[in-house]
Structure formats: C-alpha cells, structure tokens
**Student:** 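Take this structure first; my questions come after.
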Protein chains: 2
Amino acid sequence: MSKPRARTSSRRKSAPATRAARRHSSSAGAPAEPVEPDTRERILAAGAALVGAKGFNGCGLSEILQRAGVPKGSFYHYFESKEDFGVALIERARDEYLDSLRTHLGDRKRSPLARLRSIFEDTRAECESNGPTVECLIPKLALETATLSEPVHAAVKCAYQQWSALIAQVIREAQSAGEVARSHDPDHLADVLVMLWEGAAVRMQIDRSIGPLDDFLAFVFDTLLPARR
Amino acid sequence: MSKPRARTSSRRKSAPATRAARRHSSSAGAPAEPVEPDTRERILAAGAALVGAKGFNGCGLSEILQRAGVPKGSFYHYFESKEDFGVALIERARDEYLDSLRTHLGDRKRSPLARLRSIFEDTRAECESNGPTVECLIPKLALETATLSEPVHAAVKCAYQQWSALIAQVIREAQSAGEVARSHDPDHLADVLVMLWEGAAVRMQIDRSIGPLDDFLAFVFDTLLPARR
DNA sequence: GGCCGGATTAGACCAGTCGTCTAGAACTCC
DNA sequence: GGAGTTCTAGACGACTGGTCTAATCCGGCC
C-alpha cells in the first residue's frame with residue numbers, strides 16, 4: 001500500500017531559477033513586479049495562502065498552481081510530491097518566522113524583556129490589521145498531517161524546538177538583567193510561553209477575535225513574568 | 001465557487017432511528033447498550049477515530065463507512081452532507097468531554113482544586129496509556145474546517161465557551177475555599193488554562209510525548225495557582 | 001393477503017484528485 | 001551555431017470524492 005517513497009529529504013535541489021522567465025505573462029495578479037519571483041517561490045506563496053485558508057487536504061494542486069500561474073508540469077520539477085511540497089511549506093514558514101524572531105531578539109537597543117514582548121506584540125498587530133483570520137500555517141499543518149507523514153512531522157518538530165530555544169535564550173537574558181524572576185526555569189518557562197501562545201493562536205481563530213492574544217499578553221507580562229518568587 | 005448549500009442548519013432531522021435506537025439516549029446516562037449501536041452512532045464512532053487520525057479532509061466517506069460496516073447509501077439518510085457530519089462529530093466529542101468534566105467537577109468529596117486537577121490528570125493518564133497519539137478532535141476539526149464552514153465554526157465556538165465557563169466556575173469555588181489566590185480573575189484565568197492546555201495538547205502531538213502535559217500540570221498547579229498575590 | 005409509505009440500501013455519477021508522461025521552448029555553455 | 005540542460009506545457013490515466021436517484025426492504029393497516 002504505502003508508496004515506494006523516495007527517501008531523500010528534499011532540500012531545494014540547487015538554484016533552479018536561472019533567470020526567472022521574463023516573458024510568460026499570464027500572471028493574473030502581480031501588477032508591478034520588478035523581477036517576478038521565481039517559480040518555486042510563487043508556488044510556495046500560493047500554497048501557503050491556500051493551505052492556510054483551506055487546509056492541506058482541503059485544496060488541490062491544480063488550485064494552487066492556477067493561483068500561482070504555474071502549469072502542472074512545473075510543479076513536479078520543483079517538488080517530488082505533494083507531501084514534499086508540504087514539508088517545503090513548513091520549512092518556509094518556519095524560516096520566515098524564526099528570522100523575524102531573530103531580528104527582534106537581536107535588537108540590542110532594547111531590554112531583553114522588551115524584545116520578548118515585541119515579538120508577540122508584533123504578531124498581534126499583524127493579526128489586528130489583517131484580520132484574525134491570519135493563519136499560523138505550522139500548527140495547522142502539524143495537526144493535519146503530522147500523524148501521517150514522517151517528514152512533515154520532523155520539520156514541525158524541529159521548528160518548535162528552535163522556537164522554544166530562542167525564547168529560552170531571551171528569558172535567560174532577561175533574568176540576568178533582573179527583569180524576570182530567577183525562580184523560573186528558563187527552558188520550562190519558554191515551553192510554557194510557546195504552548196500558551198499556540199493555544200491563544202488557536203483560540204483566536206475560533207473566536208475570530210484577537211482577544212485571546214490580548215489575554216496572552218496581559219497574563220504573561222503583567223502577571224506571570226513579574227511574579228515575585 | 002461556493003456550492004448552493006442547502007439552507008437548513010442540520011440538527012438531526014427527526015428521529016430517523018425508528019426502533020433501532022433506544023431513543024438514542026443523548027443523555028449520556030445509557031448504561032449498557034444491549035442492542036448493537038444504531039447505525040448513526042456507528043458512523044460517528046468510526047468517523048471520530050478516522051478523522052482524529054487523518055483529518056477531516058484526509059479521509060473519505062467510503063473509508064469511514066467501510067470501517068463502520070455501513071453501506072454508502074445509508075450515509076445520506078443520517079446526515080445531510082459531509083459537513084453536517086462534521087458538525088455532528090464535534091457535537092458528539094463536545095458532549096462526551098463536557099459530560100466527563102461535569103462528572104469530575106461535581107464530585108463533592110474533593111476540594112475544588114483537587115477536582116480541577118483531576119480533570120487534567122485524567123486526560124494525562126489516558127494519553128499515557130493510549131499513547132500520545134490520542135487526538136483531540138475538536139481543535140483539529142476547528143483548525144481544519146472552521147474557516148470554511150459556518151456551522152462547524154459555531155459548534156466549535158460553543159464547545160470552547162462551555163468549557164471555559166466550567167473551568168471558571170471551579171476556580172471560583174477554589175478561591176472561596178482559599179485554595180487559589182484571589183488576585184486572579186476567574187474568567188481570565190480559565191481562558192488562560194484552556195489556552196495553555198490546548199497548546200500542550202498540540203505540542204504533545206508534535207513531540208509525541210506526554211511531556212507537555214506534565215509541563216502543564218507542573219506549571220499550573222505548582223507555580224501558577226498557588227502564587228501569592 | 002394485498003397494499004402502502006417510510007426507512008434503508010445499492011450503486012451510478014461526474015467532478016476533481018494526485019501524479020505521469022511526452023514534447024518542446026528557453027536558456028547556458030562549448 | 002549547435003549540444004545539452006533546465007524548465008514549461010498540458011493532456012492523460014487511474015482513482016476517489018461526495019452526492020443523488022432508483023430500487024428494496026419491512027412493519028402496519030384495511
């Protein structure tokens with residue numbers, strides 16, 4: 001029953017987008033793109049939007065490709081299978097998110113606690129403007145496919161570990177700076193923050209309101225972290 | 001784009017299960033079902049297992065029906081559509097969970113805090129024995145379909161509100177009994193607990209370990225609730 | 001017994017699924 | 001200019017998806 005499955009993990013094969021096809025208009029949307037993004041990225045972007053909205057199994061390849069303005073034949077040039085595509089989607093979302101995290105956390109002009117706070121408030125602001133529909137792709141894909149596909153599972157797990165580690169690091173700095181009670185174990189506290197944030201994000205989608213994110217911020221920064229002892 | 005969609009919300013059409021269903025209990029009470037469970041319930045049970053494992057869009061009707069030993073033609077006698085079936089799935093999971101919650105919380109022989117703790121520890125124990133794969137159907141379906149289907153969304157939302165309300169209630173009792181710091185607002189605290197638990201459940205599936213649930217228990221009952229101030 | 005009418009089932013139906021495959025266009029490098 | 005690689009193009013196939021209509025079952029009624 002199970003397909004043969006071609007072991008290799010994936011990892012963008014090289015730099016396939018030589019010069020990024022100039023012609024080939026057909027692109028429905030993009031009005032003034034300086035250099036139109038390479039095909040692979042276009043597929044991923046369309047996929048992220050669609051999968052975020054309708055789930056991984058909820059949308060078909062054809063739909064994604066049509067939205068990306070890319071023919072089917074190209075898809076299988078860049079990805080081995082839909083599953084492989086899912087992994088790429090997660091890696092992309094993870095890299096994007098972790099990069100933004102590192103940017104915030106590396107801002108030495110602010111105190112560690114302020115930096116920590118900023119990463120959550122930033123997302124909150126984004127959700128406020130884009131509507132609470134903004135989807136966290138990762139938990140979504142995680143719940144939907146993690147039980148089925150080992151590669152997807154691995155990608156998700158890795159994303160969470162890195163995320164937790166970054167938070168733990170800034171907590172340590174905040175403790176050194178005396179901004180956070182030393183009684184908290186940084187690693188456990190980081191896990192708690194990540195879990196709570198995750199839960200808030202899920203709840204936000206359910207309530208269709210950013211209220212849960214506000215609850216998160218209020219609880220974490222007004223109650224939890226400043227706690228004596 | 002969107003299908004015509006047959007207006008009526010759903011709500012089990014009447015009493016389709018003529019005799020078969022011993023009036024389809026619904027009042028959880030039903031002790032021992034001598035007669036084999038009615039068809040509708042069999043479909044729901046099979047669906048819960050399969051959807052929990054593979055997602056709502058990840059498994060087809062035929063698969064569910066085959067597992068339930070019910071012919072395909074019968075499905076549309078009991079449900080209007082697959083979406084309607086999804087709603088029923090959620091309502092079933094919600095009723096089951098909330099009932100078990102009420103049982104625990106109504107146990108007057110224990111202190112409010114002990115009761116609160118027991119509902120989480122109970123699930124933890126269950127996950128430990130059944131493997132961490134145990135799926136919370138509700139968040140899964142919520143993330144997967146809530147953006148698409150209004151009825152599903154409503155069912156999920158309702159489930160969370162009731163859940164939160166139950167937790168808030170027992171927190172109030174615990175505060176009256178002096179077991180939990182009064183500085184916490186019961187409603188907000190309940191939301192935080194629910195979010196955190198939700199996040200822990202998601203994380204459990206990702207880590208494939210009940211570690212996150214233990215982190216939850218330790219954090220909530222050793223650190224958060226006993227907090228002075 | 002003959003008939004009726006609702007409950008239940010069987011299976012056809014087609015749109016849509018993922019994935020394959022062959023042609024050829026576009027570009028690079030010799 | 002020509003050879004070779006990369007990428008695009010989209011028809012195609014095998015299959016499954018959810019849905020629905022037409023037939024069957026079965027107990028009750030005259």
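Every value quoted in this text rests on a predicted model; they were computed, and no experiment measured them. Below, chain A is the first sequence line, B the second, and so on; all start at residue 1.
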**Student:** Whole angstrom is fine here: how far is it from CG in A/Leu65 over to P in C/dG19?
**Tutor:** 12 Å
**Student:** Can you tell me how far P of D/dC15 sits from CD of B/Glu63, to the nearest Å?
**Tutor:** 17 Å
**Student:** Check each of A/Phe75, A/Tyr76, A/Phe56 against A/Phe85 using the ring-ring contact (aromatic ring centres under 6.0 Å, His included) test, and report the only one that passes.
**Tutor:** A/Phe75
**Student:** With under 30° as parallel and over 60° as perpendicular, where do the rings of B/Trp197 and B/Phe120 fit, or are they tilted in between?
**Tutor:** tilted
**Student:** Please check the phosphate of C/dG16 (OP1 and OP2 only) for any side-chain N or O of A/Ser62 closer than 4.0 Å.
**Tutor:** no
**Student:** Quick one: B/Glu80 CD to D/dC20 P, roughly how many Å, whole number?
**Tutor:** 10 Å
**Student:** Look only at the side chain of A/Arg124 and the backbone of A/Ile210, and say whether a donor-acceptor pair between them is shorter than 3.5 Å.
**Tutor:** no
**Student:** In whole Å, what is the span from the NZ atom of A/Lys54 to the C1' atom of C/dT17?
**Tutor:** 13 Å
**Student:** So does A/Tyr76 get a side-chain nitrogen or oxygen closer than 4.0 Å to the phosphate oxygens (OP1/OP2) of C/dG19?
**Tutor:** yes
**Student:** I want to check one thing: is the phosphate of C/dT9, taken as OP1 and OP2, less than 4.0 Å away from some side-chain N or O of B/Ser74?
**Tutor:** yes
**Student:** So if I take every side-chain heavy atom of B/Leu61 and compare against C/dG19, D/dT19, C/dT9, which nucleotide ends up nearest?
**Tutor:** D/dT19
**Student:** With a cut-off of less than 4.0 Å, is there a side-chain N or O of A/Lys72 near OP1 or OP2 of D/dG10?
**Tutor:** no
**Student:** Is there a side-chain contact between B/Tyr78 and the phosphate of C/dT8, meaning an N or O under 4.0 Å from OP1 or OP2?
**Tutor:** yes
**Student:** Base, sugar-phosphate, or nothing for B/Gly60, non-hydrogen atoms under 4.0 angstrom?
**Tutor:** sugar-phosphate
**Student:** Please determine if a side-chain N or O atom of A/Thr39 lies less than 4.0 Å away from the OP1 or OP2 oxygen of D/dT8.
**Tutor:** yes
**Student:** Would you say A/Lys72's side chain and A/Ser62's backbone share a donor-acceptor pair under 3.5 angstrom?
**Tutor:** no
**Student:** From CZ of A/Phe75 over to C1' of D/dT6, roughly how many Å is that when rounded to an integer?
**Tutor:** 18 Å
**Student:** Rounded to whole angstrom units, what separation is found between the CZ atom of B/Phe56 and the P atom of D/dT16?
**Tutor:** 19 Å
**Student:** For the pair made of CD in A/Gln66 and P in C/dT17, what is the distance, rounded to whole Å?
**Tutor:** 10 Å
**Student:** Might you work through the salt bridge (Lys or Arg N to Asp or Glu O under 4.0 Å) test for B/Arg67 and B/Glu63, ending with a clear yes or no?
**Tutor:** CA-CA 6 Å; B/Arg67 174 157 176 164; B/Glu63 192 179 3; over 6 Å; no
**Student:** Please determine if a side-chain N or O atom of B/His77 lies less than 4.0 Å away from the OP1 or OP2 oxygen of C/dA7.
**Tutor:** no
**Student:** C/dT17 P sits how many Å from A/Glu83 CD, rounded?
**Tutor:** 19 Å
